[in-house]
Amino acid sequence: SMNAVKVAHAYDFGTYAVMKSLLESEGMPVIDVAFGSHISIAGADQGYYLQVRATDQGRARTLLWQNSLAKYLLKEQL
């Protein structure tokens, strides 16, 4: 199985879609997360997690940073 890491989080789908298409335009596949019921409930898990292959993590983070999307970045997962 492909090793995936969450690199960013957005509370609205519009922002998530912008980040997703940005990464995909650079050839980085975004792995869709199964959100389940998280979307309908309030709390820490609300919103959308942007998940990429572990090997793309560095590039993905840099790209989001360069496009003024740094505030959506999660702490780096080692």
Side-chain angles (χ1 to χ4, degrees):
S1 67
M2 237 184 326
N3 205 5
V5 288
K6 293 172 181 165
V7 289
H9 173 267
Y11 284 106
D12 64 287
F13 184 77
T15 304
Y16 168 81
V18 165
M19 294 192 289
K20 179 177 160 84
S21 62
L22 179 68
L23 296 188
E24 287 178 341
S25 74
E26 292 291 322
M28 281 176 269
V30 171
I31 296 137
D32 283 317
V33 186
F35 299 110
S37 60
H38 292 315
I39 265 157
S40 58
I41 58 167
D45 274 338
Q46 196 173 22
Y48 303 85
Y49 286 97
L50 195 71
Q51 195 168 248
V52 298
R53 294 181 304 199
T55 50
D56 288 333
Q57 179 179 201
R59 256 178 79 214
R61 296 177 68 85
T62 300
L63 195 63
L64 293 172
W65 181 271
Q66 289 169 340
N67 285 272
S68 306
L69 295 161
K71 67 177 179 177
Y72 299 105
L73 288 172
L74 297 166
K75 282 202 173 78
E76 196 153 354
Q77 293 178 36
L78 301 171

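Note that the coordinates shown come from a computational prediction; the quantities given were computed from them, not determined experimentally.
Separating the OH atom in Tyr72 from the OH atom in Tyr49 is a distance of 14.5 Å, to the nearest 0.5 Å. The CG atom of Leu73 sits 15.0 Å away from atom NZ of Lys6, with the distance rounded to the nearest 0.5 Å. To the nearest 0.5 angstrom, Gln51 atom CD is 11.0 Å from Gln57 atom CD.
Only one option out of Ile31, Val52, Leu50 pairs with Val5 in a side chain to side chain contact (heavy atoms under 4.5 Å, CB included); it is Val52.
A donor-acceptor pair under 3.5 Å links the side-chain atoms of Arg61 to the main chain of Leu74, judged by distance alone.
A continuous path of Ile, Leu, Val, Met, Phe, Trp and Tyr side chains, each step under 4.5 Å between heavy atoms, connects Met19 with Leu63, placing both in one hydrophobic cluster. In the hydrophobic cluster analysis, where Ile, Leu, Val, Met, Phe, Trp and Tyr join through side-chain heavy atoms closer than 4.5 angstrom, Met28 is grouped apart from Val18.
Residue pairs meeting the salt bridge (Lys or Arg N to Asp or Glu O under 4.0 Å) criterion with at least one member in residues 21-31, sequence neighbours excluded, are Lys20-Glu24.
A search for side chain to side chain contact (heavy atoms under 4.5 Å, CB included) contacts involving Ala17 returns Phe13, not counting sequence neighbours.
Leu23 is not listed as a side-chain neighbour of Asp56, based on a closest heavy-atom distance of 4.5 Å or more.
Of all heavy-atom pairs between Tyr48 and Tyr11, the closest is CE1-O, 4.0 Å.
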